[in-house]
Amino acid sequence: MRRKLGMLGLLLCLAALLCACNLRSGDDLYALPRTSVEYDSLRDALQGLLDGGMEYAAPLSGSNTQPVQDVDLDGDGIGEAVAFFKDGSGLQVYVFRQNEEGEYQEMAQITGQGIAVNSVAYSQLDGEGNREIVLSWQISSGVYALSAYSVREGSCTVLLEPRNYTKYAVVDLDSDGQDELILLQMDASDVGGNRAEYYTYQDGVMALQSEAYLSSDLSVIDRTRASTLFGGENALYVTGYATDEETGEASTRIQLTDILALRGDGLVNITRDETAASSVRTRRRVYVADQDLDGDGVWEIPDISGMYERLEGGQVVLSDTFYLITWCRYDINGGRHVLCSTYYNSSDGWYLVIPNSWRNRIALARSDYSEGVTVERSIQFYVLKQVDSTAESTLEESETLGASVLTNTTAELFMTICKNTGTDRLTRSVQGGRTVLNTSAEDTVYSVRLEEDNWFHWTPEKVQQALHIITTNWFND
């Protein structure tokens with residue numbers, strides 16, 4: 001029986017050492033501990049390639065970047081070794097597996113494309129329980145091609161011939177347990193346009209099944225994320241930078257998200273407005289990233305609008321610092337569903353869920369204080385009130401017009417949320433009538449002070465329910 005690889009950690013260390021130090025001497029290699037037939041046979045096979053003039057060429061990006069990788073391709077519980085090399089003739093990927101005696105032997109060889117291996121993924125593409133090798137090749141600077149291979153004992157079948165792409169994703173959109181490939185193509189020409197190509201396994205190859213247009217004003221793809229829709233269907237969220245309508249150039253200040261899903265038998269961009277040729281509803285200025293805010297597996301897209309700010313002199317203006325984030329989910333038909341609205345304070349590491357009754361009825365201000373051992377950052381919440389009988393209509397009109405300055409309006413403090421990180425944080429957090437808010441942060445204390453004239457009748461418990469600590473929830477695939 002073939003034996004399991006028992007020294008994977010040592011093997012990877014060896015590979016890294018060979019790569020970093022460019023060892024060529026057999027004496028140097030055999031000076032390392034000798035541990036098993038498996039280790040010795042794989043070490044000898046790798047050294048034979050190095051002695052033949054090859055050198056390691058590990059993938060440049062992705063989650064698999066080791067020069068030698070342990071992967072169970074055939075699902076038998078025993079890992080195969082996938083090794084990445086290059087020489088004067090180009091790139092080579094070798095697959096080794098153990099024989100009945102536990103010795104590693106070459107199983108397959110893949111001849112590479114271009115100048116480097118950009119990334120590698122291992123996925124079930126053909127539905128037979130095996131894992132196929134998906135390879136991204138860097139053809140030249142900024143130019144990439146994707147291919148896929150099925151490796152069985154003694155054979156290597158090309159499932160996808162190298163196909164140029166801008167970004168790619170391995171996803172299971174139809175939830176059948178079998179992965180598919182989506183290649184994103186950026187094309188500024190009027191003929192092709194930005195598009196997504198959807199490949200599925202058919203008749204022994206990965207075949208183009210359908211296409212969907214991306215937003216025409218999507219200039220640069222920043223990231224992709226496989227997640228679910230409001231109704232539970234799988235989807236690919238494609239977020240990038242949009243063209244500035246004024247300058248006609250790509251802007252890092254403007255983002256939009258295209259959402260790709262299966263509807264019927266084909267791939268569709270559920271957020272794309274066909275008249276505008278863009279996902280206009282997901283277009284926003286960059287402030288906070290799209291994410292799964294509540295951790296339920298459904299991705300939310302932020303809709304960003306301005307909030308009012310109270311200046312030191314008491315004037316209330318439309319802020320360029322404080323924003324209201326409305327977190328939106330989408331269903332398979334492109335319908336939008338609001339999860340909640342928040343004031344999202346990324347610099348202080350917290351956000352507050354804002355009730356609908358507060359919309360356009362509050363203004364914010366910030367105050368930072370640092371002296372000696374005290375480090376305090378606080379946000380003050382003010383309720384907006386009118387000073388005469390026409391107050392309500394005046395305020396409503398200002399909101400509708402998006403006025404930069406509110407007139408006939410006063411702002412009365414009703415709540416302050418503080419963050420303390422200094423060594424006196426515990427003492428400071430209970431001063432001045434504050435209540436400590438329970439958080440899991442080790443070196444940070446959050447607290448709240450509610451004024452006696454608490455317009456919205458909130459309690460510390462209510463604040464605790466609405467306040468959330470921002471955790472790492474990143475998504476770039």
Side-chain angles (χ1 to χ4, degrees), residues 142 166-167 184-188 193-196 213-225 227 236-260 269-273 275-293 299-309 311 317-330 336 338-352 354 359-360 363-366 368 377 379 399 401-405 470 472-477:
T166 303
K167 289 272 189 180
L184 305 175
Q185 309 281 6
M186 300 297 290
D187 187 352
N194 301 332
R195 67 190 186 279
Y213 284 115
L214 301 173
S215 292
S216 60
D217 56 341
L218 181 63
S219 298
V220 177
I221 298 174
D222 181 41
R223 57 188 179 270
T224 63
R225 172 72 184 199
S227 189
L236 183 69
Y237 292 71
V238 181
T239 297
Y241 298 113
T243 302
D244 190 308
E245 296 174 347
E246 295 182 358
T247 65
E249 302 292 333
S251 172
T252 56
R253 298 180 297 106
I254 304 171
Q255 282 190 336
L256 61 78
T257 299
D258 287 323
I259 305 178
L260 303 172
N269 183 348
I270 63 173
T271 51
R272 188 177 191 266
D273 180 282
T275 301
S278 175
S279 294
V280 293
R281 290 177 298 168
T282 68
R283 186 182 175 97
R284 71 272 183 187
R285 54 187 151 175
V286 176
Y287 179 71
V288 62
D290 46 305
Q291 59 190 278
D292 180 6
L293 188 71
W299 212 244
E300 283 88 35
I301 308 298
D303 186 356
I304 302 172
S305 56
M307 298 182 73
Y308 289 114
E309 179 178 2
L311 304 181
V317 302
L318 193 62
S319 178
D320 59 1
T321 304
F322 301 112
Y323 299 99
L324 185 72
I325 313 295
T326 300
W327 297 93
C328 303
R329 304 163 159 190
Y330 289 83
R336 193 171 92 158
V338 174
L339 172 65
C340 64
S341 295
T342 65
Y343 162 62
Y344 199 93
N345 187 344
S346 57
S347 61
D348 292 345
W350 59 269
Y351 67 89
L352 188 77
I354 301 295
R359 276 183 170 267
N360 298 310
L364 275 62
R366 89 164 297 126
D368 296 339
R377 300 167 65 88
I379 299 294
E399 294 160 12
L401 297 177
S404 59
V405 179
I470 298 173
T472 302
N473 186 6
W474 204 235
F475 42 81
N476 193 26
D477 289 346

Ignoring hydrogens and angles, state whether a donor on the side chain of [X] or [Y] is under 3.5 Å from an acceptor on the partner side chain.
| X | Y | answer |
| --- | --- | --- |
| Thr239 | Asp222 | no |
| Arg359 | Ser341 | yes |
| Thr257 | Thr282 | no |

How close do [X] and [Y] get, heavy atom to heavy atom, and via which atoms?
| X | Y | answer |
| --- | --- | --- |
| Arg284 | Ile301 | NH1-CG2, 3.5 Å |
| Leu256 | Ala242 | CD2-CB, 3.8 Å |
| Cys328 | Asp303 | SG-CB, 4.1 Å |
| Tyr213 | Asn269 | O-ND2, 3.1 Å |
| Trp350 | Leu352 | CZ3-CB, 3.9 Å |
| Ser216 | Ala276 | OG-O, 4.3 Å |

Any donor-acceptor pair under 3.5 Å linking the side chain of [X] with the backbone of [Y]?
| X | Y | result |
| --- | --- | --- |
| Arg253 | Val286 | no |
| Glu300 | Trp327 | no |
| Asp217 | Thr243 | no |
| Ser251 | Asp244 | no |
| Asn345 | Tyr351 | no |
| Ser215 | Ser279 | yes |

Problem - Pairing of Arg225 and Asp290 as salt bridge, 4.0 angstrom limit - result: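 Looking at Arg225 and Asp290, the cut-off is not met.
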To the nearest 0.5 Å, how far apart are [atom1] in [X] and [atom2] in [Y]?
| X | Y | atom1 | atom2 | answer |
| --- | --- | --- | --- | --- |
| Gln291 | Trp299 | CD | CH2 | 7.0 Å |
| Tyr330 | Arg281 | OH | CZ | 5.0 Å |
| Arg336 | Ile270 | CZ | CD1 | 13.0 Å |
| Ile259 | Thr271 | CD1 | OG1 | 5.0 Å |
| Tyr237 | Leu260 | OH | CG | 10.5 Å |
| Ile325 | Ser305 | CD1 | OG | 7.5 Å |

Taking the side chain as everything from C-beta on, heavy atoms only, tell me whether [X] gets closer than 4.5 Å to [Y].
| X | Y | value |
| --- | --- | --- |
| Leu364 | Ser319 | no |
| Ile379 | Arg366 | yes |
| Tyr308 | Leu318 | yes |

Practice task
Under the side-chain contact (heavy atoms from CB on, under 4.5 Å) rule, what do Gln255 and Tyr241 come out as? Steps first, then yes or no, please.
Solution key: CA-CA 4 Å; Gln255 282 190 336; Tyr241 298 113; 3.6 Å; yes
Exercise for the section: Let me know which of Leu324, Val288, Ile354, Ile304 forms a side chain to side chain contact (heavy atoms under 4.5 Å, CB included) with Tyr344. Expected result: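 Output: one option passes, namely Val288.
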Exercise for the section: Test Ile221 against Met186 for side-chain contact (heavy atoms from CB on, under 4.5 Å), laying out the working first. Expected result: CA-CA 8 Å; Ile221 298 174; Met186 300 297 290; 3.6 Å; yes
